[in-house]
Amino acid sequence: MKLLYFYPEFPLQASQGNSIRVIALLDYFKSRGHQVDFVCEAPENKQGEMLEELKKSDLVSNCYFLRNYQKKKHKLGYLFQISIPNLLHGRMRQFYRVKPGQQKDFNRILQDKHYDLILISYACWSGLIEDNPFTGKAQLWLDTHDFLTAQFQSTRRFDLGKSMETEIKLLGLFDKILVISPEEQYVFSQFIKKPIEVVTHSIPNASKYISESIDYDFIFVGSDNQHNIQSIQWFFNHVYPLLPKTARFIIIGKITDFVAEYPNVTKVRFAPSLQVYYQKAKIALCPMVSGTGLKIKVVEALSYGLPVVCQPRSIDGLWNKSENGCLVANEPELFASHCIQLLNDEPLYNYHCEQSRTYFKNHHDTQKIYQELDRIFENYEKET
């Protein structure tokens, strides 16, 4: 099968969960012998090194770039070619991300090659295929990644009704919709009669890598998005003072820019691999006070058999809301109590570690997800 896969960012250079999901899907396509051409945005001065990096990964046959149209450099062009047309057509700008020239770049790819399937990431990039005569007979699939209406609710002048109506309209342009969580499948299936498949995040089972030598009591991994910033600030303002001063923390990712200096906190802004840190940690933290969709950091921690102390938002997207290795609390005192219990009560700690391993094996292990993807693509072959 020949597949054209669009994702706006270059996945090998991004560290957030959505890019990790893309790499997982590319690994699946490679394992099944599908021919994949990949499309993304890229700064002009990095195209060469990005192409070389992707070639070395052996994940795709070809990589194409859509011109990167930056608002700061083209203020007038952005106004007349994007802002005003969106206003005249009554469009919510958050849902229409295709910029000047990008449609032409995308169509050029479609004119040069025939594809059996076109997979678009995010509903806000559906403009690439809407009323596009060059898609031919290709099946059009969408990987939603997230429930965008929920994600956009904090934007200025947010209109719930218009946002939901727009998102449902855009999802309806596709032949099949992939979602990352059962909650999103439930919401979208109420309004859309197209096939909606849950393809949750897959990671190889890493519980065998846990070391007997523990260097850190708690680990938190995060990028510098607003949800992680709010969450880590809540943790250090309200929970951290309640924990033992001897507890050892490791914080990894760009989120470290928003963590003050503490004597028992180690900060690593960039880590080529998280394995060495997870295998030396005892407990994972995910104090998400906001955010939507599956939290990849939770699935990563569960893949190592670690218990996770978290907020209710952190278990969004998990198939089971209990008996999954997560201890949930939205009050600082209870959150801290869970942390202390896991530190001091070995039987309790081992019990939740076993729950983590069992839940992960049943729902997120790579082979489990590959079986589900095989079923989806077998149905695709029958349909075509």
Side-chain angles (χ1 to χ4, degrees), residues 15 206-224 227-289 295-315 324-357 359-360:
S15 58
S207 60
K208 61 183 177 182
Y209 296 121
I210 294 298
S211 170
E212 293 183 2
S213 173
I214 300 299
D215 294 338
Y216 310 104
D217 296 303
F218 300 100
I219 181 171
F220 177 84
V221 178
S223 62
D224 57 352
H227 303 299
N228 283 329
I229 294 171
Q230 292 173 0
S231 301
I232 202 67
Q233 289 176 343
W234 175 86
F235 175 81
F236 276 104
N237 288 338
H238 302 289
V239 179
Y240 176 80
L242 305 177
L243 297 178
K245 302 306 178 187
T246 54
R248 300 160 297 173
F249 297 81
I250 176 78
I251 313 294
I252 304 171
K254 292 183 179 179
I255 191 63
T256 54
D257 295 345
F258 300 88
V259 177
E261 298 296 328
Y262 298 92
N264 57 342
V265 176
T266 301
K267 298 190 290 184
V268 178
R269 195 173 190 274
F270 173 75
S273 171
L274 295 175
Q275 178 178 314
V276 66
Y277 297 103
Y278 273 120
Q279 68 183 13
K280 293 285 189 178
K282 186 171 185 178
I283 301 161
L285 299 173
C286 189
M288 304 303 292
V289 297
K295 309 302 182 290
I296 302 300
K297 61 172 68 68
V298 171
V299 179
E300 285 179 336
L302 297 178
S303 77
Y304 286 88
L306 297 184
V308 184
V309 183
C310 56
Q311 285 260 17
R313 282 276 72 84
S314 305
I315 59 172
N324 53 20
C326 298
L327 291 82
V328 183
N330 58 7
E331 297 176 357
E333 293 78 13
L334 182 56
F335 198 102
S337 176
H338 285 327
C339 292
I340 294 169
Q341 284 181 313
L342 289 174
L343 285 177
N344 298 330
D345 189 332
E346 187 173 355
L348 178 70
Y349 175 79
N350 291 334
Y351 171 76
H352 286 289
C353 285
E354 185 58 33
Q355 283 197 336
S356 295
R357 287 189 285 267
Y359 172 80
F360 176 83

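Side-chain atoms are counted along with the backbone in the values below, which use heavy atoms only and exclude waters and symmetry mates.
- For the pair Y349 (side chain) and K282 (backbone), a donor-acceptor distance under 3.5 Å is present.
- Nearest heavy-atom pair, N264 versus P244, reported as atom, atom and distance to 0.1 Å: ND2-O, 4.3 Å.
- The minimum heavy-atom distance linking N324 with L302 is given by the pair O-CD2, 3.4 Å.
- Listed for the S356 side chain is a donor-acceptor partner under 3.5 Å among the backbone atoms of H352.
- Taking each heavy atom of Y278 and V221 in turn, the nearest pair found is OH-CG2, 3.7 Å.
- Contact check on E354 versus R357 returns a salt bridge, with a Lys/Arg side-chain nitrogen under 4.0 Å from an Asp/Glu carboxylate oxygen.
- Scored by the ring pair (Phe, Tyr, Trp, His ring centres under 6.0 Å) test, F258 finds no partners at all (sequence neighbours excluded).
- Residue L242 comes nearest to H238 through the heavy atom pair CD1-O, 3.6 Å, listed as atom of the first residue, atom of the second, then distance.
- For F218, the ring pair (Phe, Tyr, Trp, His ring centres under 6.0 Å) partners two or more places apart in sequence, or in a different chain, are F249.
- A side-chain donor-acceptor contact under 3.5 Å links K267 to the backbone of V259.
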Evaluate F220 against F235 for side-chain contact (heavy atoms from CB on, under 4.5 Å), listing each step before the verdict. CA-CA 11 Å; F220 177 84; F235 175 81; over 6 Å; no
| message | Could you walk me through whether I219 and I283 satisfy the side-chain contact (heavy atoms from CB on, under 4.5 Å) test, starting with their C-alpha distance in whole Å, then the side-chain angles of each, then the deciding distance to 0.1 Å, before giving a yes or no? | response | CA-CA 6 Å; I219 181 171; I283 301 161; over 6 Å; no
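- The CD1 atom of I251 lies 4.5 Å from the CD1 atom of I232; values are rounded to the nearest 0.5 Å.
- With a 4.5 Å cut-off on side-chain heavy atoms, Y277 and D215 do not count as touching.
- Among pairs with a residue in residues 229-253, those fulfilling salt bridge (Lys or Arg N to Asp or Glu O under 4.0 Å) read D217-R248, at least two apart in sequence or across chains.
- For the atom pair CG of L306 and SG of C353, the computed distance is 6.5 Å after rounding to the nearest 0.5 Å.
- To the nearest 0.5 angstrom, I214 atom CD1 is 9.0 Å from Q279 atom CD.
- Residues passing the side chain to side chain contact (heavy atoms under 4.5 Å, CB included) test with S231 are P287, M288, V289, sequence neighbours excluded.
- The nearest pair of heavy atoms linking A301 to V308 is CB-CG2, 3.8 Å.
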Any chance you could lay out the side-chain hydrogen bond (donor to acceptor under 3.5 Å, both in side chains) test for E300 and Y304, step after step, and finish with the verdict?
CA-CA 7 Å; E300 285 179 336; Y304 286 88; over 6 Å; no
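- In this structure, K297 contributes its side chain and S314 its backbone to no donor-acceptor pair below 3.5 Å.
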Could you list the donor-acceptor pairs under 3.5 angstrom formed by side chains in residues 326-345, with sequence neighbours left out?
residue: H338; atom: NE2; partner: V328; partner atom: O; Å: 3.4
residue: N344; atom: ND2; partner: I340; partner atom: O; Å: 3.3
residue: D345; atom: OD1; partner: L348; partner atom: N; Å: 3.1

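- Residues passing the ring pair (Phe, Tyr, Trp, His ring centres under 6.0 Å) test with Y359, sequence neighbours excluded: H363, H364.
- You'll find the side chain of C286 stays beyond 4.5 Å of the side chain of Q311, heavy atoms only.
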